[in-house]
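Bear in mind that the values here come from a model prediction, so they are computed numbers and not experimental data. Numbers for residues simply follow the sequence, beginning at 1.
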Amino acid sequence: MTLSQEIAERFRTMAAILEIRGEPVFKSIAFTRVARLLDDASIDLADLVARDALESLDGIGKSSRSIIVDFVRNGRSEDFESLASSIPSGLIEMLNLPGVGPKTIALFWRERGIESIEQLESALNQGKLAGLKGIGPKKLEQLADSIRMRAVAQTRVGIGHVISIASTLLEGVRGFAEVERADVAGSLRRRRETIGDLDILAALKAGYDGSVVTDRFTTLPGVREILACGPTKASVRTDSNLQVDLRVVPTDCYGAAIQYFTGSKEHNVKLRSRAIERGLTLNEWGLWKTTDWEARRDTVKATAGLGIDYSTAVASRHEADIYAKLDLAFIEPELREDRGEIELAAQNKLPTLVVRIDLRGELHCHTTASDGEASILEMAHAARALGLDYIVITDHSRSQAIARGLEPERLLQQIQDVRRLDGKIPGMTILIGSEVDILADGSLDYDDDILQQLDFVVASPHTALRQDSQRATERLLRAIDNPYVNVIGHPTGRLINQRNGLEPEWNRIFEAAHASGTALEINASYPRLDLNDDLARAAIKAGCTLTIDTDAHSTAGLGEVDLGIAVARRAGAEAKNILNCGTISDIRAWVNRKRHR
Ligand code: DGT
Ligand code: CA
Ligand code: CA
Ligand code: ZN
């Protein structure tokens, strides 16, 4: 999240507090409007405040402006704090429960005196929430789920929340004069979708003292609590309650250390046995002939690896050498989960993982016609600026009323609009599509005679995401069976740490998708990342083609594809497995093949 987006969250919280208090709606609407403005990732708030240029953002009133300035300058705002302290703090925490909004919280508070998640949980267990207006048994079940998922979420944080904290801290460490280089390691380097704790590794320049680095690390902005701090490592907790481990190693063994601390544990265990088979020892300081290592083990351990001679190591300075000296092709971090990657590397048969520049087009995005923030032409220009060759405009279909889903007449008009605009941007093809809803029974939200007029169709489930496996299977199979459906968008509807989504019989879905020529999406927007890595991997194995789409609702959103790429890489995807790594004629061929099947 950018600074602007973080402050947007604060404004959303303030709007919610006003609603919980039962204030007139116009007050909370004003804050919500500011939050929406600040959501734009391209806003550089620090810069605007520094230049005293907040006025350039239309629609922000004087009091909101001063709150923004306080947050940017001091990281806090008295107005925010006094509003927050006007209701029990547990109520604000309840806002983090998926599916629980200010109105529900106000109802529980007013009618049942509930002031915290714990009280909510026990009221639920004791059946005390029955009989409240608008709170049926289904809603209660959903609440219980939300509370359970939250317990899990507290131990592992979604990657979308970790990335920006990680880069801020990493920049801090890289800025220390004693540090030669620094990188993230652990599960974040492997790009797992949730992170237990954040690991950072720093290489110490020769002749410096590591404790200078660890000490300074504990004073970086955002650090709330110091858990441990010694000459070679420090552990802290951030304001956002994330644990961060820093390790400081000599540059001479940086490669071995980053290999070791990237993990996974299972991958490293396999790698160490491979070393042993070769009479070698692999550890965080290097790869050694076992006899050499035994002669120096005590010194290394006594000095924590600082100030010793690494020249006899088989490999230690460069990570790639570790793999090479174990007769392995280099294994990308995303693959290091002991899912067969070591065996493939030994045979030099690792996939050439997809990279961002392989993507040639965007197949799923929204405009102002539904719930997006930019026009067709603005989206197309932004896509071109990112180096893409084509973009498919896929606004929501009519059932998505909250998202201003298009009635057939408006879609027909949009077809005309796109036809008129296509060709206006050199090098960019604009296609008209739709993100058509897959209704609970698998029927689609538009008739075939509408769908057939489109260039490309994304079909996605948005509602009834808690139906049982059998119904979910039938639902998706029916959508896949439609000749005009080219990709299933966010196939499960899951949200990381919030909602499990559909759990169909995947082997049947994959088989049908493969046989019919229907792609499956990796939706790159956080917290969706749907399909996830495991399912995407299984889909590829079953012969399916995937897409990597941003589902952008703004021009900035079109650039937010990296987590989607990460999921695809963890799935072992090559460019050839990804539909939108193909050319515009590949896309047209994909559509035509299914229609004429
Ligand atoms: P996380 O934090 O749960 O998301 O997952 P990781 O993989 O980041 O795990 P973490 O933070 O415990 O350790 C980072 C890496 O360091 C891990 O992937 C492998 C390595 N490592 C740490 N401690 C040990 C250990 O005691 N034994 C072994 N073999 N490896 C370790
Ligand atoms: Ca970790
Ligand atoms: Ca750790
Ligand atoms: Zn969408």
Side-chain angles (χ1 to χ4, degrees), residues 1 93 96-98 117 146-170 172-173 182-202 214 217-218 220 222-230 232-249 257-272 283-284 319 331-339 341 494-500 526-530 532-537 562-564 566-567 569-571:
M1 262 197 282
E93 211 185 325
N96 296 323
L97 287 176
I117 294 176
S146 294
I147 293 174
R148 263 195 299 280
M149 299 275 293
R150 192 189 123 85
V152 180
Q154 278 177 335
T155 59
R156 300 193 62 83
V157 185
I159 187 169
H161 299 288
V162 177
I163 297 256
S164 75
I165 303 171
S167 50
T168 309
L169 290 173
L170 192 59
V173 173
D183 295 279
V184 299
S187 51
L188 181 59
R189 184 163 182 241
R190 305 197 308 279
R191 293 291 186 265
R192 274 191 68 175
E193 68 182 35
T194 61
I195 306 296
D197 66 17
L198 174 60
D199 301 282
I200 297 179
L201 186 69
T214 52
F217 171 69
T218 61
L220 285 175
V223 171
R224 188 182 70 199
E225 188 187 346
I226 302 170
L227 305 171
C229 185
T232 58
K233 47 185 178 186
S235 286
V236 300
R237 199 173 285 287
T238 65
D239 291 335
S240 51
N241 208 29
L242 179 71
Q243 185 180 322
V244 187
D245 294 342
L246 172 74
R247 289 183 185 78
V248 181
V249 301
I258 191 94
Q259 195 292 314
Y260 181 90
F261 291 112
T262 295
S264 66
K265 216 166 184 165
E266 293 74 16
H267 173 89
N268 286 355
V269 166
K270 278 255 170 84
L271 219 54
R272 278 199 296 273
N283 54 39
E284 60 196 282
E319 183 179 45
I331 302 174
E332 299 287 350
E334 293 93 330
L335 292 178
R336 299 183 196 172
E337 300 288 356
D338 188 25
R339 288 193 281 213
E341 72 278 7
R494 72 90 177 244
L495 298 175
I496 291 173
N497 280 346
Q498 295 176 39
R499 179 169 80 199
N500 286 331
Y526 185 85
R528 285 197 184 279
L529 304 186
D530 177 15
N532 70 17
D533 52 357
D534 288 338
L535 290 173
R537 175 173 283 265
D562 287 344
L563 292 180
V567 172
R569 288 169 63 85
R570 285 180 59 83

For a side chain to side chain contact (heavy atoms under 4.5 Å, CB included) check, start with the C-alpha distance between Ile165 and Ser240, then their side-chain angles and the critical distance, and finish with the verdict. CA-CA 9 Å; Ile165 303 171; Ser240 51; 3.1 Å; yes
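- Here CG of Leu201 is found 10.5 Å from CG of Leu170. Values are rounded to the nearest 0.5 Å.
- The two residues Thr218 and Ala234 make their nearest non-hydrogen contact at CG2-CB, 4.3 Å.
- Between Phe261 and Ile258, the closest side-chain pair of non-hydrogen atoms is not below 4.5 Å.
- Here the side chains of Asp239 and Val223 are not in contact, with every heavy-atom distance at 4.5 Å or above.
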Between Asp245 and Leu198, is a side chain to side chain contact (heavy atoms under 4.5 Å, CB included) present by the stated rule, with each step listed? CA-CA 6 Å; Asp245 294 342; Leu198 174 60; over 6 Å; no
List the steps, then state whether side chain to side chain contact (heavy atoms under 4.5 Å, CB included) holds for Asp562 with Ile163. CA-CA 11 Å; Asp562 287 344; Ile163 297 256; over 6 Å; no
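- With rounding to the nearest 0.5 Å, the separation of CD1 in Ile226 from CZ in Phe217 is 10.0 Å.
- Annotation for Ala536 and Ala571: closest pair CB-CB, 3.6 Å, computed over non-hydrogen atoms.
- Side chain of Thr194 to main chain of Val157: no donor-acceptor pair is present (N/O by atom type, distance under 3.5 Å, no hydrogens or angles).
- Although no hydrogens or angles enter the test, the distance criterion places no donor-acceptor pair under 3.5 Å between the side chain of Arg191 and the main chain of Leu563.
- Between Asp534 and Arg339 there is a side-chain heavy-atom pair separated by less than 4.5 Å.
- Put simply, OG on Ser146 and CG on Asn96 are 11.5 Å apart, with the number rounded to the nearest 0.5 Å.
- Using a 4.0 Å cut-off between a side-chain N of Lys or Arg and a carboxylate O of Asp or Glu, Arg494 and Glu193 qualify as a salt bridge.
- Closest approach of Leu495 to Arg528, counting heavy atoms only: CD2-CG, 3.9 Å.
- Partner Thr262 forms a side chain to side chain donor-acceptor pair (under 3.5 Å) with one of His267, Arg190, Arg189 and no other, that one being Arg189.
- Annotation: side chain of Thr232 is not in contact with side chain of Thr214 (no heavy-atom distance under 4.5 Å).
- Distance check, rounded to the nearest 0.5 Å: CD of Gln243 to CG of Leu227 gives 5.5 Å.
- Across every non-hydrogen atom of Ile496 and Gly158, the tightest pair is CG2-CA, 4.2 Å.
- Here the closest heavy-atom approach between residue Val184 and residue Ala166 is recorded as CG1-CB, 4.2 Å.
- Taking CD1 of Ile200 as the reference point, atom CG of Leu246 lies at 6.5 Å (rounded to 0.5 Å).
- Salt-bridge formation is detected for the pair Arg570/Glu337: a Lys NZ or Arg NE/NH1/NH2 atom is positioned less than 4.0 Å from an Asp or Glu carboxylate oxygen.
- Side-chain contact between Ile195 and His161 is absent, with no heavy-atom pair separated by less than 4.5 Å.
- A salt bridge is absent between Asp199 and Lys233: the closest approach of a Lys/Arg side-chain nitrogen to an acidic carboxylate oxygen does not fall below 4.0 angstrom.
- Here the CD1-CZ distance, from Ile331 to Arg336, works out to 7.0 Å after rounding to the nearest 0.5 Å.
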Assess whether side chain to side chain contact (heavy atoms under 4.5 Å, CB included) is satisfied between Glu334 and Asp533, documenting all intermediate values. CA-CA 10 Å; Glu334 293 93 330; Asp533 52 357; over 6 Å; no
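- Looking at heavy atoms from C-beta onward, Val162 lies in side-chain contact with Leu242 at the 4.5 angstrom threshold.
- Between the side chain of Asn497 and the backbone N or O of Arg156, at least one donor-acceptor pair lies under 3.5 Å.
- For the pair Arg272/Val269, a side-chain contact is recorded, criterion being any heavy-atom separation below 4.5 Å from C-beta on.
- Looking at every heavy atom in both residues, Ala202 comes nearest to Val173 through CB-CG1, 3.9 Å.
- For Glu341 (side chain) and Asp338 (main-chain N/O), a donor-acceptor pair under 3.5 Å exists by modelled atom type.
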